[in-house]
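Written out below as structure tokens is the structure these notes cover.
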Amino acid sequence: MREQKRRYISQPVRKKDAMALVTGKPVYTDDIVPRDCLVVKILHSPYAHAWIEDIRTDTARKVPGIEAVYTWQDVPQKRFTMAGQTYPEPSPYDRLILDRRVRYVGDPVAIVAGENEKAVDRALKMIKVKYQVLEPVLDMHTAKDGPVLVHPEDNWKALCPVGADNKRNLCATAHDGKGDVDQVLADCDEVVDEVYHTKPNSQAMMETFRTYTCIDPYGRLHVIGSTQIIFHVRRILANALDIPKSMIRVTKPRIGGGFGAKQSCVTEVYPAFVTWMTKKPAKLIYTRQESQTCGCPRHEMEVHVRLGAMKDGTIRAIDVYTLSNTGAYGEHGPTTVGLSGHKSIPLYNNNLEAYRFDYDVVYTNVQPAGAYRGYGATQGLFAVESAVNELADRLHMDPAAIREKNIVREGQTVPAYYNETFYACALDKCIARAKEMFGWEEKPLRQDMGNGKVRGKGMALSMQGSGISGVDVGSVTIKLNDEGFYAMSIGAADMGTGCDTILAQMAAECLECDVDNIIVYGADTDSSPYDSGSYASSTTYVTGKAVERACGELKERICRIAAGMLDCPEKELVFTPEAVKTADGSREVSLGDIATKSMSGNREAVQVTVTHSSPTSPPPFMAGMAEVEVDMETGAVELLDYVAVVDCGTVINSNLARVQTEGGIAQGIGMALYEDIHYDKGGKILENSFMQYKIPSRLDTGKIRVEFESSYEETGPFGAKSIGEVVINTPAPAIASAVHHATGLWFRELPVTPEKIWRGLKKQ
């Protein structure tokens, strides 16, 4: 298959929904819901930690047009998690729909539903709440075993053994390692011993969190929402509402971006509760302010790295300790943290004698964190790659050369990556190609341009995974229809990534037909085959393999029907794009005729469902190189050039792979230079809109250049691995290194802002 000429694989096929999106067709949640449904809004807590002593809603209920007002007294007292994860979820069950104890500024206090927004806004102002303000835990360093408990309740529970203990403010804790790290470090010529800090980052997707709910003709709850995880949403709502899963149907329209944010049930539960109680349609649309302050941003992490090497640059030991702040609730807390070590340490496997990776995930009284593209690897790679850059500078080695000496190679078994063997790894080629594109050898680390401007260069590597090994499931149902076209049903969620198109390309390649002959439908819990959802970089690799296998089985079934129609043995038939023919080409029957035959007197289904799961998670790799220019008078940083070379196995859609990479790099640039979060002394987020929370525009991202180095992953469809997350991870450490080379200053906390540079230069 590796040498086979392909019609659609690695081609720039246009997205199936491209015209609908660019022409503004009604495709998103709020476009398609009825105008006369109930409007739902949330009253949010003004305190980081408080106990509701009394709440009066009488006046609010009397506002004309108000349908219902709900408080903690009205909801089931059954705890659940909003994390979209495979059951049993590693995230603890620590939430109620509404709780008497509020745990962060923004925690839901009451649900108001009314006929229009004006009435609901008026009613929200009339709810009177008497709070007993409690001492909050705002510093993650003091949370573990501290005197104030974020979750003192007795009905808190953890389903998986992740080291969680609510009586210690611990959401998770663990240890992993191989060899005697301390002994090896003591024997090293040079040890980098530094702490790196990354703050929460908002996913900042264009479409905010939103959900519509109604009761279908059979009395079931129908949920239409902007979500990446339809099947997990069904389970989460069943737990929260304490109703059978069979009473819930979840579907998704087009999604206006997710980046992991919509792997949590941020808004679904509230209109669902309203509809279940009132039997009336309802919708909840979060404002941008709510999405920024009541969403599920990236986990704040502090990563302590000790990295030991010899004078020749041989890296012998890596010690990583991560302290992760899950905030008020534990969604994704136990799982994101693992990637901070398991997706960074393995990069330097070549000479590694020992490694240690420990972590604690703590509860605090700030906005709960969740999933964001990179999922913990981003934070860990900023730390480890920065440490490698610091090591290179201490040893007066080229940052590329020290990596070429130590990086993991194809065929190596990697203890720090669950003992998997990397059968497809072109990381060395990525570095070589990036150096060539960037002109790495020709550019000095530091170049004074005169007039107070100094340029610097930096680089970083990254890796990720392709789904969660042994856990993630992808499924597809594909059938032959009248006139010989195909319909494919999936449970994965296209959130702008183009997975509908990519999976259709794979099906068209297998079935030797035009992409337009593949109709893709998804996702619907009633009709789609089960899929874990679109997260963990799983869709192309896991669901794509299901497509490949399903098409093979469907071709066999089509040939069996054709054998009966042609009255010849099945083994003598040849499948072609339009027909099934005898081997000598003398007779044939069209796919259209086979489809017609399948509808009359037939016992052979022309429909196949295949489910796939992989025991391994082959990592994609990336090399990134940055050139910046720093104004030494003001501290302003201009990103001049960014080169990225990615190994994602076989590229399925060259256009979509390129824009995925460019988009991820842009987000990484935002994390490195612009996106910042501050809390006031009461735990309130100050950056609650895009006026304060700065994300980069196209004018801020400089020149981004992207290329691909192919490897061939035997376990992936057509040799493919993932690409969705690996691309966000190199900008932060590469840019921080470039700024260091320009200024002489190391910045170990993100973002690297002009103010920090200016202050550093003044001290210097």
Side-chain angles (χ1 to χ4, degrees), residues 26 28-46 52 54-76 96-100 102 105-131 207-217 219-227 237 240-241 243 247-251 253 265-295 688-689:
Y28 298 105
T29 300
D30 201 35
D31 296 333
I32 61 177
V33 304
R35 300 295 100 182
D36 59 350
C37 65
L38 293 175
V39 173
V40 177
K41 291 197 176 189
I42 305 297
L43 177 67
H44 299 282
S45 168
I52 299 173
D54 187 42
I55 182 166
R56 296 186 177 275
T57 61
D58 303 12
T59 308
R61 294 175 195 272
K62 294 175 182 177
V63 172
I66 291 300
E67 177 71 26
V69 180
Y70 301 109
T71 70
W72 64 272
Q73 297 164 304
D74 304 307
V75 302
L96 297 175
I97 299 174
L98 297 170
D99 204 330
R100 194 170 185 183
V102 289
V105 177
D107 213 354
V109 172
I111 306 170
V112 179
E115 295 174 0
N116 56 69
E117 191 170 3
K118 186 177 180 180
V120 173
D121 286 340
R122 186 181 173 196
L124 282 169
K125 295 175 183 176
M126 294 183 175
I127 298 174
K128 303 300 180 186
V129 187
K130 183 181 179 183
Y131 296 98
E207 183 194 34
T208 61
F209 300 101
R210 54 195 58 199
T211 307
Y212 167 76
T213 53
C214 62
I215 299 294
D216 73 9
R220 299 168 69 223
L221 178 65
H222 185 191
V223 179
I224 301 174
S226 187
T227 180
L237 291 180
L241 302 176
I243 62 176
M247 295 302 294
I248 302 173
R249 175 190 179 193
V250 182
T251 58
C265 276
V266 173
T267 54
E268 285 85 348
V269 67
Y270 307 110
F273 181 73
V274 169
T275 292
W276 192 247
M277 298 298 288
T278 66
K279 308 307 177 191
K280 294 184 178 181
K283 72 173 180 180
L284 171 58
I285 297 179
Y286 262 11
T287 63
R288 179 60 60 185
Q289 179 176 335
E290 286 176 303
S291 291
Q292 290 292 115
T293 59
C294 310
N688 62 7
S689 78

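Every value quoted in this text rests on a predicted model; they were computed, and no experiment measured them.
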Side-chain donor/acceptor of T293 to backbone N/O of N688, under 3.5 Å: no
Tell me if a side-chain donor or acceptor on D121 pairs with a main-chain N or O of K118 at a distance below 3.5 Å. no
Pair I42, L284 - check side-chain contact (heavy atoms from CB on, under 4.5 Å), show working. CA-CA 9 Å; I42 305 297; L284 171 58; 4.2 Å; yes
Atom of V112, atom of A123 and distance for their closest heavy-atom approach: CG1-CB, 3.9 Å
On a heavy-atom basis, which atom in L124 and which in K41 lie closest, and how many Å separate them? CD1-CB, 3.8 Å
Within 6.0 Å of NZ in K130, more than 12 heavy atoms from elsewhere: no
With a 4.5 Å heavy-atom cut-off, do V109 and I127 have their side chains touching? no
Does a donor on one side chain sit under 3.5 Å from an acceptor on the other, for T29 and S226? no
Does the E290 side chain pair with the main chain of T287, one donor and one acceptor, at a distance under 3.5 Å? yes
Gap separating the CG atom of L221 from the CE atom of M247, nearest 0.5 angstrom: 8.5 Å
For L43 and V129, what are the C-alpha separation, side-chain angles and deciding distance, and is it a side-chain contact (heavy atoms from CB on, under 4.5 Å)? CA-CA 10 Å; L43 177 67; V129 187; 4.0 Å; yes
Keeping the roles fixed (side chain from S45, backbone from G106), state whether a donor-acceptor pair exists under 3.5 Å. no
pair T213-V274: side-chain heavy atoms closer than 4.5 Å: no
Supply the atom-to-atom distance R61 CZ to I66 CD1, rounded to the nearest 0.5 angstrom. 10.5 Å
Close side-chain approach of I97 and L241, heavy atoms under 4.5 Å: yes
Passing candidate, side chain to side chain contact (heavy atoms under 4.5 Å, CB included) with F273, options V40, I111, L98: I111
Under 6.0 Å from the CD atom of Q73, do we count more than 12 heavy atoms belonging to anything else shown? yes
Taking the side chain as every heavy atom from C-beta outward, state whether P271 and Y212 have any atom pair closer than 4.5 Å. no
Go through it in stages, so that I can follow the logic: the residues are I248 and I243, the test is side-chain contact (heavy atoms from CB on, under 4.5 Å), and I'd like the CA-CA distance, side-chain angles, deciding distance and then a yes or no. CA-CA 9 Å; I248 302 173; I243 62 176; 3.9 Å; yes
